[in-house]
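Worksheet for the structure shown next.
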Number of protein chains: 2
Amino acid sequence: MSIDGPEIGATGKRRRRVPEVARREALASARRLLITSGPTAVTLKAVGDEIGVTHANLIHHFGSAAGLQSALMESMVRDLTDALGAAVEQLRSNPGAPRALVDAVFDAFDQGGAGRLAAWIALSGDLQHLEPVRAAVRDLVDAICETFAAEGEQTHHRVTSAVLFIALYAFGDAVIGAPLRDMLDREDDAGRKIVARLLPTFLF
Amino acid sequence: MSIDGPEIGATGKRRRRVPEVARREALASARRLLITSGPTAVTLKAVGDEIGVTHANLIHHFGSAAGLQSALMESMVRDLTDALGAAVEQLRSNPGAPRALVDAVFDAFDQGGAGRLAAWIALSGDLQHLEPVRAAVRDLVDAICETFAAEGEQTHHRVTSAVLFIALYAFGDAVIGAPLRDMLDREDDAGRKIVARLLPTFLF
DNA sequence: CCATCTATTGACATTGATGTAACTTACATG
DNA sequence: CATGTAAGTTACATCAATGTCAATAGATGG
């Protein structure tokens, strides 16, 4: 098995990191643990073992275990808002390409881990961590509204319906899409196809 | 503060339950804790305090903490499959009423707690507990296919798309629908309206 | 080379969840 | 009323996660 490789002992010396690097490595490890093994796997010991530091060192950098979890949520929420911002740009530069928009949002929720993050936040009740998402969502709504401004006064209502539609669906697909598609014998991108086909229903 | 009130001592005597009653009370309490406070709140002590027994007594009835969790998952999965079965009956007796079908599925995921349950199972990786759902989902697909058998050879594909659509959406709505609707200033049943409106797109 | 700063560690304490064993007592049955 | 079964409790042990603190050791400036 070759457990406990000489993670630090390879050189026999400690590896001293700049705080920013230490935090970044820890958060990357924590995200990997969250996505692959669930929220209960994100512990100080597990993260420390992955990046070769002790749990006390993580407390030194994040203040507490809750501080690490909070920083992880902030990090992933920032990535999600960035992805939504990129989706806005993608839409502005190339409107009328629903599949590209759908892929951008679905990838953020699936591979970016936003789906599992949102589920974790919702189950644990830490809803305040979702607050930065509010602005990103409203930017997305505004961008879509501008693109389809000619549609009349019902535009805002239709656009919020579209955003609610794609976000809820992408979230559901990221968290339980795989087993559900397996039950139905459907292909991996069945959900994306459906959303891409229905999205014009809202916008046109 | 008046800690440790005479929980049992109110009568001065123990309350002896038949095993089936003890298990039912414990599972009801565990479900309430899961829905209101998340998976980490479902502990032997928390459940025991709610129903007035010790944590050792719960181990006596369920074998272990994992046994209680497993029984909770089974109980909630059974309720979900029952709800899906009822949706099948509802559809057979009154086809062409998408909102009623949508409400039945959404209520199962939201008020029944199936949404939080599914998120918990997905995050923790205990996918085998979803196995009983497979049969219920396939029954639902078959029932819808029979109802719309005249639609041609693409029927099965369209029906599985519809089931995937409503299930993923109901799940997403149950777990993160409330904060998302708040961000978008949308009404509580916005998701249900959207699904009810789009469902005929698949079936007709 | 020396001194200072601080990232890092090791050892220890604490807490909560879980598990085990022996004892108690409610209840049914003779 | 006597008795056996099992629901229920008490007391204790264990383990993992978290937290605290003094000591160690890289890095950098003088």
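Numbers restart at 1 for each chain; the letters A, B, ... are given by sequence-line order, proteins then strands.
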May I ask you to say what A:Thr43 touches in the nucleic acid, namely base, sugar-phosphate or nothing, with a heavy-atom cut-off under 4.0 Å?
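Here A:Thr43 touches the backbone only, sparing every base.
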
Base, sugar-phosphate, or nothing: which does B:Ala56 touch, judged by heavy atoms less than 4.0 Å apart?
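Base: the residue B:Ala56, judged by heavy atoms under 4.0 Å, touches a nucleobase.
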
Could you state the atom-to-atom distance from [atom1] of [X] to [atom2] of [N] in whole Å?
X       : N      : atom1 : atom2 : result
A:Arg16 : C:dA7  : CZ    : C1'   : 4 Å
A:Leu44 : D:dT18 : CG    : P     : 4 Å
B:Leu58 : D:dA7  : CG    : P     : 13 Å
A:Asp49 : D:dT18 : CG    : P     : 12 Å
A:Arg17 : D:dA25 : CZ    : P     : 18 Å
A:Leu68 : D:dG19 : CG    : C1'   : 14 Å
A:Ile51 : C:dA7  : CD1   : C1'   : 12 Å
A:His55 : C:dC12 : NE2   : P     : 14 Å

Side chain of [X] only, heavy atoms from C-beta on: which candidate in [options] is closest?
X       : options                : answer
A:Asn57 : C:dT8, D:dT9, D:dA7    : C:dT8
B:Arg14 : C:dT8, D:dT18, C:dT25  : C:dT25
B:Ile59 : C:dG10, C:dT20, D:dT18 : C:dT20

Residue among B:Arg24, B:Arg23, B:Arg31 satisfying side-chain hydrogen bond (donor to acceptor under 3.5 Å, both in side chains) with B:Ser75:
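So, applying the side-chain hydrogen bond (donor to acceptor under 3.5 Å, both in side chains) to B:Ser75 and each of B:Arg24, B:Arg23, B:Arg31, only B:Arg31 qualifies.
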
Go through B:Asp139 and B:Leu84 one step at a time and tell me if the side-chain contact (heavy atoms from CB on, under 4.5 Å) criterion holds.
CA-CA 9 Å; B:Asp139 284 348; B:Leu84 292 181; over 6 Å; no

Using only side-chain N and O atoms of [X], determine if any of them is under 4.0 Å from OP1 or OP2 of [N].
X       : N     : result
A:His60 : C:dT8 : no
B:Arg15 : D:dG8 : no
B:Thr54 : D:dG8 : no

Anything under 30° is parallel, anything over 60° is perpendicular, the rest tilted; go ahead and classify A:Tyr169 against B:Tyr169.
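Because their plane-to-plane angle is over 60°, the rings of A:Tyr169 and B:Tyr169 count as perpendicular.
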
Side chain to side chain contact (heavy atoms under 4.5 Å, CB included) partner of B:Leu168, the single match among A:Leu180, A:Ile194, A:Val195, A:Val175:
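That would be A:Leu180; it is the only one of A:Leu180, A:Ile194, A:Val195, A:Val175 passing the side chain to side chain contact (heavy atoms under 4.5 Å, CB included) with B:Leu168.
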
Is NZ or CZ of A:Arg197 both nearer than 6.0 Å to the six-membered ring centre of B:Phe202 and within 45° of the ring axis?
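Relative to the ring axis of B:Phe202, which defines the angle, A:Arg197 lies inside both limits.
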
